S.K.: 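Attaching a single structure in structure tokens format; questions to follow.
Bear in mind the structure is a predicted one, so any value in this text is a computation, not a measurement. Naming: A, B, ... by sequence-line order, numbering from 1 per chain.
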Protein chains: 2
Amino acid sequence: MSDQFKPLSTAPTAVMDAPVTRSRNRAPNSSPQGVETVALGASQSLSDSLYRGLRASIMSVDLLPGTPISENDIARSKGVSRTPVRAAILRLADEALVEVVPKSGTFVGRIPLSALPEASIARRTLEMMIVQSAARLATSAQIDLLKANIEEQFEMVARDDISGFHEQDSIFHKSIAEIGQLPKIWKFIETIKTQIDRFRRLTLPHAGRMAQVADEHARIFAAIAAGDEEKASQEMHRHLSGLQNYFANGVAAHPQYFIQDIDLSKIPNI
Amino acid sequence: MSDQFKPLSTAPTAVMDAPVTRSRNRAPNSSPQGVETVALGASQSLSDSLYRGLRASIMSVDLLPGTPISENDIARSKGVSRTPVRAAILRLADEALVEVVPKSGTFVGRIPLSALPEASIARRTLEMMIVQSAARLATSAQIDLLKANIEEQFEMVARDDISGFHEQDSIFHKSIAEIGQLPKIWKFIETIKTQIDRFRRLTLPHAGRMAQVADEHARIFAAIAAGDEEKASQEMHRHLSGLQNYFANGVAAHPQYFIQDIDLSKIPNI
DNA sequence: ACAGATCTACTTGTATGCAAGTTAATGTGA
DNA sequence: TCACATTAACTTGCATACAAGTAGATCTGT
């Protein structure tokens, strides 16, 4: 059962055999065994750009959970065939951002409540470790840049610029990961917190919380600048705790947006 | 730009309008707003079973990194069309288990060395937290089951049954996550450690290490049984550290299996 | 014998058509 | 008026055909 996918070409890897079938080698297109694995910046592919557009619409909750989406409609509206649309939707299905029901329909994914508590715990655990590393390794130049980011955040609070604040928020956490020399773990956290972000955008009142979040960020920054690993970790813990307080109200307001696959009263402390 | 994917149906959500186009609702097929989100056990889909088969072959390094794979060949050998094969390959490409070079070819993914150090750190960090939770929450019944698993492991060592040992190893870690009531984080970890597992299967000598791993597991178990969170965490740290010792030799033996996108001499302590 | 241009078989990406199944609307009976 | 069978339009999953591009084999000139 394990050799059923062995390459079918009869010629082994040796090159001097009579090549019954041309054995194709690695395309020199791809990273030539060398140093860089830099992603291809431009989209280049129809299904890629469709994927990104759909994903952005779902993550911004511009498309609400449960909304039916039709491969045919999207294909017609974009003037392409179903094939690249379908490829994009299948990718989103792997991320649980859409739910595909065979022979019936496709829907913007409802948020699985059972995923949120452990996603929150995992994110907090990793970011506590990351910020410890950052407090240990930060250079004065990096601290200056981070301080500028904090000031930007308070500027956004003053302007009441929510989307601008979210952007600076994201840069803050990403920068800490870079300072801690763990940038790929931040990438991983971004996938972990996907459903958490959707939950927050759906249920949390953004206005009041901005100032508090900026304060929490400032305390984390201060600990990093002071090189106090333990304090930085504790402040990050505070910053990333307390999500469960919003569960009951958020779900009660819009139950149709969620897959209620856990007992909301039994959520552990996060 | 953000409303380009709004559903096209002219009818709003209200049901009393004259339905120019039938507005389709959620299929009662899918989880009916209820409690369970249980995955559909049976494969049901051609592309699903192709995906699982290919993934197993790649993870077991039965298909070596860099091996060219052809959608047409697989389709012919399985007696299906390219469509489901292609869907499976695209899923694998998202996991970096295959590399697709447009208009050129598809290859079993080489292991990106730059991903390994941070994956190892993230995994260790999460499992240290999980085992602390397990040491805190373990019931005596759970401890008995875990003890039986440890005994199985030593049995496998005695029998020199490598694949059997790997299975018990996996059960050990998964059981700890269940005891710690964080089973979904173990699922996360399984995706994190994908490339690490491939690296180990390619480069590590399994024979000698089995006994040592079983011993490390036994020490973790003892700390859990004693309810000693700190000790359990430390033993897990020891168990999951030291991968970097194998980097240089493993890569030197088979450089073509890896994307050497980092300087091997600059790998941090993991 | 060797270097370079040309050619041809192969690759992935997309378009299109069909099959099986589901769901909402409609028809039918009481 | 209501319950139930029928039907028709829509859905996703798969098969097939074509387009654009790549790379190895071959041919040509020296």
Side-chain angles (χ1 to χ4, degrees), chain A residues 7-9 11 13 15-30 32 40 42-51 67-76 78-93 98-108, chain B residues 7-11 15-30 32 40 42-51 67-76 78-93 98-108:
Chain A
L8 296 178
S9 60
T13 51
V15 286
M16 43 266 300
D17 292 23
V20 179
T21 298
R22 299 187 202 180
S23 77
R24 221 155 238 246
N25 290 338
R26 170 164 296 278
N29 234 1
S30 74
L40 40 133
S43 66
Q44 289 273 19
S45 155
L46 256 178
S47 76
D48 271 10
S49 78
L50 289 167
Y51 165 77
T67 305
I69 53 186
S70 158
E71 295 176 4
N72 269 317
D73 286 350
I74 294 176
R76 272 193 292 268
K78 300 289 174 187
V80 299
S81 83
R82 265 185 62 213
T83 307
V85 175
R86 179 166 177 74
I89 285 179
L90 289 179
R91 287 179 69 179
L92 294 168
V98 303
E99 301 176 61
V100 178
V101 184
K103 312 297 178 80
S104 171
T106 300
F107 308 87
V108 176
Chain B
L8 295 178
S9 61
T10 55
V15 286
M16 46 266 299
D17 293 22
V20 179
T21 299
R22 299 185 202 181
S23 78
R24 224 155 236 246
N25 288 339
R26 171 165 295 278
N29 234 0
S30 74
L40 39 133
S43 67
Q44 290 272 13
S45 154
L46 253 178
S47 77
D48 271 11
S49 77
L50 288 168
Y51 165 77
T67 305
I69 53 186
S70 159
E71 296 176 3
N72 270 316
D73 286 351
I74 294 176
R76 272 193 292 270
K78 300 289 174 186
V80 299
S81 83
R82 266 185 62 212
T83 307
V85 175
R86 180 167 176 73
I89 285 179
L90 290 178
R91 287 179 69 179
L92 293 168
V98 303
E99 302 176 60
V100 178
V101 184
K103 313 297 180 82
S104 171
T106 301
F107 308 87
V108 175

S.K.: Could you grab the distance from atom CG of B/Asp48 to atom CZ of B/Arg91, nearest 0.5 Å is fine?
M.R.: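 Those atoms lie 5.0 Å apart.
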S.K.: Could you state the interatomic distance from CG (A/Leu90) to OG1 (A/Thr106), rounded to the nearest 0.5 Å?
M.R.: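 Between atom CG of A/Leu90 and atom OG1 of A/Thr106 there are 8.5 Å.
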S.K.: Rounded to the nearest Å, what distance is computed from the CD1 atom of residue B/Ile69 to the P atom of nucleotide C/dT12?
M.R.: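 From B/Ile69 CD1 to C/dT12 P: 8 Å.
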S.K.: I want to check one thing: is the phosphate of C/dC10, taken as OP1 and OP2, less than 4.0 Å away from some side-chain N or O of B/Asn72?
M.R.: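 For B/Asn72, the contact criterion (side-chain N or O under 4.0 Å from OP1 or OP2 of C/dC10) is not met.
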S.K.: Along nucleotides 13-19 of chain C, 5' to 3', which nucleotides get a B, which get an S, and which get a -, given that the test is a protein heavy-atom distance under 4.0 Å?
M.R.: BBBBB--
S.K.: Could you report the tightest heavy-atom contact between A/Phe107 and A/Val101, atom names first, then the distance?
M.R.: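 Nearest pair, atom of A/Phe107 first, then A/Val101: CE1-CG2, 4.0 Å.
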S.K.: Would you name the heavy atoms of B/Ala93 and B/Val100 that are closest together and state the gap between them?
M.R.: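 Of all heavy-atom pairs spanning B/Ala93 and B/Val100, the closest is CB-CG2, 4.1 Å.
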S.K.: Would one find a side-chain N or O of B/Ser104 under 4.0 angstrom from OP1 or OP2 of C/dT11?
M.R.: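 No, B/Ser104 has no side-chain N/O under 4.0 Å of OP1/OP2 on C/dT11.
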S.K.: Holding to side chain to side chain donor-acceptor pair (under 3.5 Å), I want the full list of residues that pass it with B/Arg82, two or more places apart in sequence or in another chain.
M.R.: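 By the side chain to side chain donor-acceptor pair (under 3.5 Å) rule, B/Arg82 matches B/Glu71.
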S.K.: B/Val98 and side chain to side chain contact (heavy atoms under 4.5 Å, CB included): which single residue from B/Ile89, B/Thr67, B/Val108 fits?
M.R.: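 The residue from B/Ile89, B/Thr67, B/Val108 that satisfies side chain to side chain contact (heavy atoms under 4.5 Å, CB included) with B/Val98 turns out to be B/Ile89.
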S.K.: Does a side-chain N or O of A/Ser70 approach OP1 or OP2 of D/dT11 to a distance below 4.0 Å, or not?
M.R.: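 For D/dT11, OP1 or OP2 has a side-chain N or O of A/Ser70 closer than 4.0 Å.
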